[in-house]
Amino acid sequence: MDSATDKQLLDRFQRGDGNAFEALFTRYYQRVYRAAFTLAFSHALAEDATQEAFVALYRRPPELDSEASLAAWLCRVALNRGSNMLRSERREQERFGRLELEHEPDPAETILRNERHQQVRTALGQLPERQIQILALRTAGLSYAEIAESVGVA
């Protein structure tokens with residue numbers, strides 16, 4: 001099934017071929033996960049957003065024409081879900097006034113990693129949300145044409 005196009009696999013899946021969905025999942029999981037992780041910097045949130053994108057694909061596959069990219073569609077869904085999750089998480093943290101602490105084995109590495117993540121978050125926080133999504137899609141390996149399709153520009 002590696003040589004089958006996304007449209008062919010979607011058609012097979014819609015006719016009940018579970019292997020076709022598995023092939024799409026295998027083909028795009030890492031790319032979608034990378035996009036979600038770039039947005040969230042959280043493995044758990046990226047995993048949830050990625051899962052939700054594939055659940056959306058399973059429940060209601062998109063209609064692809066010859067130009068459409070399934071990768072762009074999946075990443076757009078994951079980024080939208082990830083953005084929603086981040087907003088909910090921020091609201092919850094504000095409401096309860098607490099931050100979850102992660103337990104890491106090496107405190108020095110944790111501090112350095114957290115500082116780098118904070119610097120990136122700060123830089124990303126200065127960008128409009130659309131630019132953050134475009135950066136996340138590019139980091140996930142989408143082409144410029146796929147990114148344009150995903151964010152709805154020519």
Side-chain angles (χ1 to χ4, degrees), residues 1-2 6 9-10 13 18-62 64 67-154:
M1 285 199 199
D2 284 345
D6 293 345
L9 288 172
L10 278 174
F13 167 64
N19 291 330
F21 182 82
E22 186 176 336
L24 290 169
F25 181 86
T26 302
R27 184 178 288 178
Y28 291 115
Y29 178 84
Q30 287 299 321
R31 188 183 274 187
V32 175
Y33 177 84
R34 268 195 315 268
F37 185 79
T38 301
L39 176 71
F41 287 104
S42 162
H43 293 292
L45 195 141
E47 188 75 34
D48 289 346
T50 301
Q51 275 185 341
E52 287 197 25
F54 282 100
V55 167
L57 175 65
Y58 187 85
R59 289 184 179 157
R60 185 175 285 174
L64 293 181
E67 300 284 324
S69 165
L70 183 60
W73 184 87
L74 285 166
C75 285
R76 183 176 59 238
V77 171
L79 289 175
N80 288 341
R81 302 286 166 85
S83 292
N84 291 343
M85 289 176 195
L86 281 173
R87 277 192 290 276
S88 294
E89 191 175 277
R90 283 187 204 121
R91 276 188 240 124
E92 183 178 319
Q93 287 177 354
E94 288 172 5
R95 192 175 323 138
F96 294 109
R98 65 173 184 222
L99 295 174
E100 293 183 9
L101 299 175
E102 294 183 22
H103 301 286
E104 296 289 329
D106 184 6
E109 283 183 33
T110 301
I111 290 169
L112 290 174
R113 184 175 49 249
N114 288 343
E115 285 178 5
R116 279 191 303 261
H117 285 187
Q118 187 57 43
Q119 289 171 343
V120 172
R121 281 189 202 109
T122 300
L124 288 174
Q126 296 171 354
L127 297 174
E129 186 169 334
R130 186 173 183 165
Q131 288 182 351
I132 295 169
Q133 289 183 347
I134 290 169
L135 181 62
L137 292 168
R138 188 63 184 155
T139 302
L142 270 66
S143 69
Y144 291 114
E146 291 172 322
I147 292 169
E149 177 187 335
S150 180
V151 297
V153 298

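In what follows, residues are counted from 1 in the order of the sequence shown.
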Ignoring hydrogens, what is the shortest heavy-atom contact between Ala49 and Met85? Give both atom names and the distance.
N-CE, 3.7 Å
For Arg60, what residues pass the salt bridge (charged side-chain N to carboxylate O under 4.0 Å, His left out) criterion, not counting sequence neighbours?
none
Does a side-chain heavy-atom distance below 4.5 Å link Gln133 with Asn80?
yes
To the closest 0.5 Å, what do you measure between CD (Glu47) and CZ (Phe37)?
11.5 Å
Short side-chain to backbone donor-acceptor contact, Glu149 and Ser69, under 3.5 Å
yes
Atom CG in Leu24, atom CG in Asn19: separation rounded to 0.5 Å?
11.0 Å
Less than 4.5 Å apart, any side-chain heavy atom of Leu112 and any of Arg116?
yes
With rounding to the nearest 0.5 Å, note down the distance linking OG1 in Thr50 to CG in Leu45.
9.0 Å
Do Asp6 and Tyr28 touch side chain to side chain, with heavy atoms closer than 4.5 Å?
yes
When rounded to the nearest 0.5 angstrom, what distance separates CG in Asn114 from CZ in Phe41?
11.5 Å
Among all residues two or more places apart in sequence or in another chain, which pass the side chain to side chain contact (heavy atoms under 4.5 Å, CB included) test with Ala53?
Val32, Leu74, Val77, Ala78
May I ask you to test the Asn84-Glu52 pair for a side-chain heavy-atom distance under 4.5 Å?
no
Can you find a heavy atom in the side chain of Leu70 that is under 4.5 Å from one in the side chain of Arg27?
no
Enter the distance from Thr38:OG1 to Ile132:CD1 here, rounded to the nearest 0.5 Å.
11.5 Å
Heavy-atom nearest pair, Leu142 first then Ala72, reads CD2-CA, 3.6 Å
Should we say atom CD of Glu22 is surrounded by more than 12 heavy atoms from elsewhere, each under 6.0 Å from it?
no
Arg34: which residues meet the salt bridge (charged side-chain N to carboxylate O under 4.0 Å, His left out) condition with it, sequence neighbours left out?
none
Within the supplied structure, the quantity of interest is the number of heavy atoms (other residues, nucleotides, ligands) at a distance under 6.0 Å from Arg87 CZ; does it exceed 12?
yes
Pro62 and Leu57 have their tightest heavy-atom pair at CD-CD1, 3.6 Å
Separation between CZ (Arg81) and CG (Leu39), nearest 0.5 Å, reads 13.5 Å
Do the side chains of Ile147 and Arg138 get nearer than 4.5 Å, heavy atoms only?
yes
Is the ring pair Phe21/Tyr58 parallel, tilted or perpendicular, if the boundaries are 30 and 60 degrees?
perpendicular
